[in-house]
There are 2 protein chains.
Amino acid sequence: MTYKKTDLFDKDLQRIAEVAKVMSHPARLAILRYLANCKTCISGDITNEIPLSRTTVSQHLQELKRVGLIHGEIDGLKVNYCLCNTCLDDIKKSFTLFLNEISISESIKC
Amino acid sequence: MTYKKTDLFDKDLQRIAEVAKVMSHPARLAILRYLANCKTCISGDITNEIPLSRTTVSQHLQELKRVGLIHGEIDGLKVNYCLCNTCLDDIKKSFTLFLNEISISESIKC
DNA sequence: TTTTTATGTCGTATGTTTGCGTCATTAAAC
DNA sequence: GTTTAATGACGCAAACATACGACATAAAAA
């Protein structure tokens, strides 16, 4: 494949798919949930919370960062991660919109 | 790996991850959107709508069926697919719940 | 200045997903 | 009964994801 097949679809579907993909691993969901509850958000704390190697957790954090769900701020040796509430709101909106869109026509049943 | 690492996480996170995974491809989202709009829902029609081979579309349909998002009903040679509104409602609920859960503590910011 | 600590990057092995051609099956049309 | 049509199952190749040990870097502690 010289180009990506996913490019053949609507941009909005591509974005929802991208976010869904990043939410498609329980470790990443667990990280999000932990970040929502903790105050400190230090990378090391997250690693201790997740039953995977430090390297793997770090990779998952990069993924979450890539789509904009979290931010990392360097503080000396440590890194403070936090949820991006703006991004979260956007995601909540587009997911809700899509799910409502596809279930709005209640009249049609098979 | 002799066991699945994903099993190390909470059952509810596993289910959300599973649903997110099935929503993580634009083709499958396009199928859902199409099914929401069309009245006929014949497999062949879906294939015509999606810019991928018949075989690939069929595979995506099986995935959607596997998590319960759609149902297929055989009608002679053809197969009528339709959205499962019950499943959709469940998914909407658990997604909304999770997204609200992780963004509810607005007070904590980095 | 040396050591320790927190973190990220790289390479790699293994597993999973995507995409498609070919074949098998079964119903309808002829 | 043959042929045609719609679909799913099988098998393969390429791409991508997951997981982790080993190495690199850079701040803090000793």
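Labels below follow one simple rule: chain letters A, B, ... track the order of the sequence lines, proteins then strands, and each chain is numbered from 1.
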Q: Would you kindly give the CG-to-C1' distance between A:Asp7 and C:dT18, to the nearest whole Å?
A: 14 Å
Q: To the nearest Å, give me how far apart CZ (B:Arg66) and C1' (D:dA9) are.
A: 17 Å
Q. How are the rings of A:His60 and A:His25 set relative to one another: parallel (under 30°), tilted (30 to 60°) or perpendicular (over 60°)?
A. tilted
(Q) Looking at B:Lys5, I'd like to know whether one of its side-chain N or O atoms comes within less than 4.0 Å of OP1 or OP2 on C:dG15. (A) no
(Q) Once rounded to the nearest 0.5 Å, what's the spacing between atom CG of B:Leu69 and atom CG of B:Leu64? (A) 6.0 Å
Q.
What is the separation between atom CD on B:Glu18 and atom P on C:dT16, rounded to the nearest whole Å?
A. 14 Å
Q. To the nearest angstrom, how far is A:Lys4 atom NZ from D:dA15 atom C1'?
A. 8 Å
Q.
Nearest to the A:Lys21 side chain among D:dA17, D:dT7, D:dA9, which nucleotide is it?
A. D:dA17
(Q) So B:Ile42, base contact, sugar-phosphate only, or nothing? Heavy-atom distance under 4.0 Å. (A) sugar-phosphate
Q) Closest heavy-atom contact between A:Pro26 and B:Leu13? A) O-CD1, 4.0 Å
Q. For B:His25 and C:dT17, what is the distance between atoms NE2 and P respectively, to the nearest whole Å?
A. 12 Å
Q. Is the phosphate of D:dA6, meaning OP1 or OP2, less than 4.0 Å from a side-chain N or O of B:Tyr81?
A. no
(Q) As a test of reading the structure: which of C:dT7, D:dC20, D:dT7 is closest to the side chain of B:Lys78, going by heavy atoms? (A) D:dT7
Q | Quiz item: B:Gln59 side-chain donor-acceptor pair to C:dG19 base, under 3.5 Å | A | yes
Q.
Does anything in residues 43-58 of chain B come within less than 4.0 Å of DNA chain D? Heavy atoms only, and list the residues if so.
A. B:Ser43, B:Gly44, B:Arg54, B:Thr55, B:Ser58
Q | Nearest-nucleotide comparison on DNA chain D, the residue closer to the 5′ end among B:Val79 and A:His60 | A | B:Val79
(Q) Between the side chains of B:Glu49 and B:Arg33, is the shortest nitrogen-to-carboxylate-oxygen separation below 4.0 Å, so that they form an ion pair? (A) no
Q.
Just the rounded figure in Å: distance from P of C:dT18 to CE of B:Met23.
A. 14 Å
Q. Do NZ/NE/NH1/NH2 and the carboxylate oxygens of A:Glu18 and A:Arg15 come within less than 4.0 Å?
A. yes
Q: Among C:dT18, C:dA27, C:dT7, find the nucleotide with the atom closest to the side chain of B:Leu77.
A: C:dA27
**Q.** Nucleotide C:dA6, atom P - distance to CD of A:Gln62 in whole Å
**A.** 18 Å
Q: Grab the CD-C1' distance between A:Glu73 and C:dG8 for me, whole Å please.
A: 17 Å
Q: Kindly give the heavy-atom pair with the smallest separation between A:Ser43 and A:Leu61, and that separation in Å.
A: OG-CD1, 4.0 Å
Q: Look at atom NZ of B:Lys92 and say whether more than 12 heavy atoms of other residues, nucleotides or ligands are closer to it than 6.0 Å.
A: yes
